[in-house]
Amino acid sequence: MRLSVTARIALLTIALALVSNFAVILFVWKQTHDDAIAGIRRDAIEQADALQGVYRTSGVVALRAAIDDAHGSGDTTLIAELLSPDGRRLTGTGPSALTRRPLEPVAFHIGTLGNEQPWGQHDAGYTIRRVGPYWLLYGRLLAVVEQEQRAVERALAVAVLVSLALGIIGGLVVSRYVATRLVRIAGVVEAVEAGDLSPRVPILMGGRGDAFDRLSARLNAMLDKVERLMAELRVVTDSLAHDLRSPLTRLRTKTENAVLIADPQGREAALSGLLTETDIVMRMLTMVIEISRAEQVTRDRFIAVAPAELVEEIGELYEPVAEDAGIDFSVALDAEPAPRPIHRELLTQAVTNLIDNAIRHGAGGAITLRLAETARAVCIQVEDRGPGIAEADRAQALKRFGRLDLARSKPGAGLGMALVEAVARLHDGRFELDDNAPGLIARIVLPRA
């Protein structure tokens with residue numbers, strides 16, 4: 001039987017809870033046991049050393065008295081006795097005869113000491129020392145330790161059951177949370193599959209939360225881009241069909257007229273008109289292809305370029321063009337930002353589009369190509385002294401095929417600024433229009449590297 005993702009997450013949560021709690025419980029059990037044994041070992045060695053000292057200083061009689069005094073405390077777990085050379089008890093409390101053979105000094109050992117009760121029923125931790133011709137046995141029964149361990153084990157068994165219950169509850173909570181978030185994401189995906197691009201996945205903590213929030217933010221950004229591209233595609237399709245109708249109609253009419261003209265000079269003039277109309281259509285289609293290309297370029301095509309170097313090269317290219325048009329053209333480098341990764345070809349084309357627009361619509365005034373830098377951005381802008389664009393018309397000017405009334409009398413398709421905006425967006429920047437009082441500032445804003 002195949003389990004759902006949420007069921008597997010719940011089981012994984014339960015398993016992790018059990019494993020982590022079992023590891024903690026095992027550590028507590030072992031630490032408790034080790035601490036108890038270490039205490040018995042330390043006490044046995046210290047007391048055996050003290051009794052050995054009594055024998056060395058005062059002899060066997062004093063040793064017997066010290067052993068008898070040790071048992072006067074009433075500690076039933078205490079083992080302290082003096083043994084004969086063959087291992088039989090002479091005085092003290094302990095087994096009457098040791099089962100350990102042969103007798104030899106033992107630093108510390110855990111095991112049974114004899115056959116009678118309680119020495120054969122419980123393990124003991126003990127040490128054996130040689131004192132003259134005799135043997136000194138000192139240690140403690142582990143009965144109390146074993147009882148404490150049993151109590152700890154029972155408590156740990158209860159803790160395991162509690163951790164299992166908490167793991168089940170935690171697994172259900174986690175699986176419900178995961179299922180809820182996945183259902184929301186799946187609902188948006190299903191709506192997109194049905195053709196509705198408007199739904200978005202709710203983000204609980206502003207995109208700074210868990211992985212689901214980050215996934216939701218990425219998915220929403222992707223849907224925003226898809227929705228924008230779909231809207232632009234509809235605009236492009238409608239506008240392209242509308243704007244191509246006129247030049248194609250003129251092209252067909254002029255072609256028919258050229259066929260009917262018998263005069264060679266008149267036919268040549270008609271054919272020249274055909275070439276002009278064909279160039280308009282070709283420029284329109286070329287610009288659409290370039291915009292599409294700019295939106296599909298990947299970052300592996302970027303290279304590190306100094307913006308000042310790029311601006312200077314474009315300025316050198318357009319100085320003679322502006323001079324021929326009778327325009328005062330200048331380059332202003334207000335800053336020299338560090339090299340940054342850019343798509344050199346597309347960014348160059350975007351800037352040259354802005355300069356061409358300024359030459360075409362700038363009414364012959366001065367044009368400045370400026371490079372500036374702020375705390376957060378690098379700006380490449382073209383400033384002219386023409387009629388400018390009213391603030392209310394700037395959004396229309398940035399649309400594809402968006403042409404203002406003043407520009408309709410001049411050849412063009414209304415795609416130049418759309419290309420500039422696509423290139424700016426490719427570089428994670430933006431394209432904006434501003435007032436030059438008089439004239440227009442067309443600015444490409446790129447974020448700081």
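Around the CD atom of Q117, the shell of radius 6.0 Å holds more than 12 heavy atoms that belong to other residues, nucleotides or ligands. At most 12 heavy atoms of other shown residues, nucleotides or ligands fall within 6.0 angstrom of atom OH in Y134. Other residues, nucleotides and ligands contribute more than 12 heavy atoms inside 6.0 Å of the CZ atom of R130. Heavy-atom contacts from other residues, nucleotides or ligands closer than 6.0 Å to CD of E319 number more than 12.
A donor atom on one side chain and an acceptor atom on the other are found under 3.5 Å apart for T77 and R140.
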Checklist entry - Could you walk me through whether L136 and T127 pass the side-chain contact (heavy atoms from CB on, under 4.5 Å) check? => result CA-CA 8 Å; L136 172 65; T127 179; over 6 Å; no
Next on the checklist: Walk me through whether E227 and K225 qualify under salt bridge (Lys or Arg N to Asp or Glu O under 4.0 Å).
Outcome noted: CA-CA 5 Å; E227 188 174 25; K225 184 174 183 179; over 6 Å; no
Next on the checklist: Please determine whether side-chain contact (heavy atoms from CB on, under 4.5 Å) holds for the pair L354 and F431, giving the CA-CA distance in whole Å, both sets of side-chain angles, and the decisive distance to 0.1 Å.
Outcome noted: CA-CA 11 Å; L354 296 179; F431 175 51; 3.6 Å; yes
Checklist entry - Which is it for V305 and R340 under the side-chain contact (heavy atoms from CB on, under 4.5 Å) test, yes or no, and what are the steps along the way? => result CA-CA 6 Å; V305 176; R340 54 178 295 128; over 6 Å; no
Checklist entry - What do the steps show when you test R64 against D69 for side-chain contact (heavy atoms from CB on, under 4.5 Å), and what is the final call? => result CA-CA 9 Å; R64 285 173 175 265; D69 289 341; over 6 Å; no
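Listed by chain and residue number, S330 satisfy the side-chain hydrogen bond (donor to acceptor under 3.5 Å, both in side chains) test with T368 (two or more places apart in sequence, or in another chain). Contacts of R181 classified as salt bridge (charged side-chain N to carboxylate O under 4.0 Å, His left out), with partners at least two apart in sequence or in another chain: D210, D213. Partners of D196 by salt bridge (charged side-chain N to carboxylate O under 4.0 Å, His left out), not counting sequence neighbours: none found. Looking at residues two or more places apart in sequence or on another chain, you find no ring-ring contact (aromatic ring centres under 6.0 Å, His included) involving Y138. Residues passing the ring-ring contact (aromatic ring centres under 6.0 Å, His included) test with H122, sequence neighbours excluded: none. Here E190 pairs with nothing under the salt bridge (charged side-chain N to carboxylate O under 4.0 Å, His left out) rule; sequence neighbours left out.
The heavy-atom pair separating F302 from H427 by the smallest distance is CE2-CD2, 3.7 Å. Looking at every heavy atom in both residues, G125 comes nearest to I40 through O-CG2, 4.1 Å. Here the shortest heavy-atom pairing between F108 and A44 reads CE1-CB, 4.2 Å. Residues P199 and A191 approach most closely at CG-CB, 3.6 Å, considering heavy atoms.
A donor-acceptor contact shorter than 3.5 Å is absent between the side chain of S58 and the backbone of Y55.
The CD1 atom of I380 sits 5.5 Å away from the CG atom of L446 when rounded to the nearest 0.5 Å. For the atom pair CD (Q52) and CD (Q47), the distance works out to 12.5 Å, reported to the nearest 0.5 Å.
Salt bridge status for E313 with R344: present, with a side-chain N to carboxylate O gap under 4.0 Å. Between E373 and R448 there is a salt bridge, with a side-chain nitrogen of the basic residue lying less than 4.0 Å from a carboxylate oxygen of the acidic one.
The side-chain heavy atoms of N357 and V420, taken from C-beta on, include no pair separated by under 4.5 Å.
Under the 30°/60° scheme for interplanar angles, the aromatic rings of F329 and Y318 are found to be tilted.
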